[in-house]
Amino acid sequence: MESTIFLKNLLDGYDVSLSHSGVNGERLAARLDALSKIGAAENGGVTRLGYSIEEKQAKELVIGWMKEAGLSITIDGAGNVFGRLEGKQEAPAVMSGSHLDSVPNGGNFDGPLGVLAALEIVEAWNDTRYIPPIPYEVAIFTDEEGSRFKAGLTGSRSFVGKITSAELDQLIDKGGQTFDEIIKDYGSNRQAFLDPHYRTRAIQMFVEVHIEQGLILEKQDEPAGIVSGIAGPSWLEVSFKGKAGHAGNTPMEGRKDPVIAAGMFVQEIETLPRQVSQTAVATVGKLDVIPNGVNVIAQEVNIMVDIRDITEESRDSLLDQICQKAEEIAANRGIEVTWNINTRIKPLPIAKTMQERLATAMKKFDINPTYIPSGAGHDSMILGEELPVAMIFTRSKDGISHTPEEWSSLNDCIQTVHVLKAFIEDMMEG
């Protein structure tokens, strides 16, 4: 395999003594590198949108590794992939994994690290000839990021039956393709997608590895940490509609300019979260101006607002206040506003027993347990509505994610894998 700058950077400074007990840092690095080439951009980033050719290619690559490791493969109606290793006895399985899709021009660790860490456990068992006492499954969930439809966690919501046919009617991508058209091209259909597949699989619990997307572990100088809870995201789509006109011939007085209203709205969003709680956040990450001409008063502005908090009550209170503010601004400016909630996910506290067992696993490797609330949503949050879940964070350089600069050292990644392995074996053995 041709060496790349990404692979060289991963291996640079790697402590080879961390490759033990069957866990192999060079193998993990090579696989992260191979995935980084699918949907790669010149700047080192990657684009693998949900239900895209690139996401499917990434899955096919990992499926090949799964088969080589002796896993039997199942793919459900949402495109979620499960690789199963049988245990000494039949019992509900322990499951681990994450996703392979990305945001546009995203990083190479968010998602893939969780999938490959879960697979590395199987490789380690194979290398040490360890047979788990109960079944183990490696999971790849589809379209976690939600960049294609403006509604995320699509695969995991399908898996547990937490998405409705009416919601699917609202899913249309930027190119105008409907969900039904996209899922058909992907090799499935609406009926198969809506079938809650977790009910046909006996699962004891789910554990996910993910990069931290924050600075706490860097400040604590620890390679990995324990997620104490996951904030529930809500995605709000707001459309301000005014009256288009010529920028030169339309007097300033009497204009119905939706860009002005949008600007006022965005400014207000910065102040509203702190009125609700210290942990609430709201972000405008996407704004589309129509027709987007330099000499045209816009006709419409569409805004996506990401709203989160660690309790559902405070998150929904902030959501209501933001909607009210949009209506107030539109009324004062004499323009029309409509809004739609594309995603509303419940926050998830992680059970203390799971956190304690993760802490025990970390102490085996002289890692001081650090407890971190996750402001970002994850597939664990969806599965946690039906199953016991746990999450491990891996230190992320400068807390950066969703960009080509996203980085976790191979040393930190492998130490996280050792923690995951110890935790899973502990859970399996009771």
Determine all donor-acceptor pairs shorter than 3.5 Å in which one atom belongs to a side chain in residues 128-137; sequence neighbours excluded.
from, atom 1, to, atom 2, distance (Å)
T128, OG1, A124, O, 2.9
T128, OG1, W125, O, 3.4
Y130, OH, E429, OE2, 3.0
Y136, OH, A118, O, 2.8
E137, OE1, R201, NE, 3.2
E137, OE1, R201, NH2, 2.8
E137, OE2, R84, NH1, 2.7
E137, OE2, R201, NH2, 3.2

Euclidean distance, F193 CZ relative to S158 OG, rounded to 0.5 Å: 4.0 Å

I53 atom CD1: more than 12 heavy-atom contacts under 6.0 Å: no

N/O donor-acceptor pair under 3.5 Å between R308 side chain and A231 backbone: no

Pair R190-L168, side-chain contact (heavy atoms from CB on, under 4.5 Å): steps then yes or no: CA-CA 8 Å; R190 178 179 291 229; L168 297 183; 3.9 Å; yes

Chi angles and distances behind the side-chain contact (heavy atoms from CB on, under 4.5 Å) call for D127, R27: CA-CA 12 Å; D127 289 351; R27 178 170 53 213; 3.2 Å; yes

S314 side chain to D309 side chain, donor-acceptor N/O pair below 3.5 angstrom: yes

Pair R395 + D221: basic N to acidic O under 4.0 Å: yes

side-chain contact (heavy atoms from CB on, under 4.5 Å) assessment of I73 paired with K67: CA-CA 7 Å; I73 307 301; K67 289 180 178 178; 3.9 Å; yes

Student check: side-chain heavy atoms of F265 and V238 closer than 4.5 Å: yes

Straight-line distance of E167 CD to T154 OG1, nearest 0.5 Å: 9.5 Å

Any R344 side-chain heavy atom under 4.5 Å of R315 side chain: yes

Closest non-hydrogen atom pair, G25 against S19: N-OG, 2.9 Å

S239-N302 side chain donor-acceptor pair, cut-off 3.5 Å: yes

Parallel, tilted or perpendicular, as decided by the 30° and 60° cut-offs, for the rings of F159 and F82: tilted

Any donor-acceptor N/O pair, D101 side chain to L49 backbone, under 3.5 Å: no

Aromatic ring pairing F109/F6, orientation class (parallel under 30°, perpendicular over 60°, tilted between): tilted

Expected output: side-chain S102 to main-chain R48 donor-acceptor under 3.5 Å: yes

Derivation and outcome, side chain to side chain donor-acceptor pair (under 3.5 Å), residues E208 and S98: CA-CA 6 Å; E208 181 175 8; S98 193; 2.8 Å; yes

Considering all heavy atoms, the nearest A58-I38 contact: CA-CD1, 3.6 Å

Spacing of L119 atom CG and L28 atom CG [to the nearest 0.5 Å]: 9.5 Å

Residue that, paired with I414, satisfies side-chain contact (heavy atoms from CB on, under 4.5 Å) out of D412, N411, L410: L410

Flag for T403-E405: side-chain donor and acceptor within less than 3.5 Å: yes

Check ion pair E328-K325 (N to O, under 4.0 angstrom): yes

pair E268-I329: side-chain heavy atoms closer than 4.5 Å: yes

NZ-CD1 distance between K363 and I367, expressed to the nearest 0.5 angstrom: 12.5 Å

M362 backbone acceptor or donor facing H418 side chain under 3.5 Å: no

Ion pair check, E385 and R157, cut-off under 4.0 Å: no

E300 (side chain) donor-acceptor with V289 (main chain) under 3.5 angstrom: no

From T394 atom OG1 to L113 atom CG, the distance as rounded to the nearest 0.5 Å: 5.0 Å

V160 vs I382 side-chain heavy atoms within contact, under 4.5 Å: yes

Residue pair N108 / S36, side-chain donor-acceptor N/O under 3.5 Å: no

Pairing of E425 and K421 as salt bridge, 4.0 angstrom limit: yes

Check: W65/E123 side-chain N/O donor and acceptor closer than 3.5 Å: no

Flag side-chain contact, heavy atom, 4.5 Å: V305 against I303: yes

N-O pairing of D33 and K37 below 4.0 Å: yes

Q213 side-chain N/O to I400 backbone N/O, donor-acceptor pair under 3.5 Å: no

side-chain contact (heavy atoms from CB on, under 4.5 Å) partner of I392, chosen from V417, V227, I226, L420: L420

Distance-only donor-acceptor check, side chains T142 and K59, under 3.5 Å: yes

Heavy-atom pair with the smallest gap, counting every atom of E181 and G176: OE1-O, 4.3 Å

Any side-chain heavy-atom pair of R357 and F423 under 4.5 Å: yes

Between H99 and D379: side-chain donor-acceptor atoms closer than 3.5 Å: no

Ring geometry between F365 and H20 (parallel below 30°, tilted from 30 to 60°, perpendicular above 60°): tilted

Under 3.5 Å donor-acceptor, S374 side chain and A376 backbone: yes

Residue Q191 excluded, over 12 heavy atoms near CD under 6.0 Å: no

Check: L236 and I307 side chains under 4.5 Å, non-hydrogen atoms: yes

Min side-chain heavy-atom separation Q355-Y371 under 4.5 Å: yes

Distance-minimising heavy-atom pair for G155 and N80: O-ND2, 2.9 Å

Spacing of CD belonging to E55 relative to CD1 belonging to I140, to within rounding of 0.5 Å: 9.0 Å

Ring-face cation of K56 near Y51 (centre distance under 6.0 Å, axis angle within 45°): no

Backbone of L383 reached by a side-chain donor or acceptor of E386 within 3.5 Å: no

Any donor-acceptor pair under 3.5 Å from Q204 side chain to A93 backbone: no

Donor-acceptor side-chain pairing of D15 and S17 below 3.5 angstrom: yes

Expected output: side-chain T360 to main-chain E356 donor-acceptor under 3.5 Å: yes

Note: R148-D173 ion pair, threshold 4.0 Å (strictly below): yes

CD/E313: more than 12 non-hydrogen atoms of other groups inside 6.0 Å: no

Residue Q267 excluded, over 12 heavy atoms near CD under 6.0 Å: no

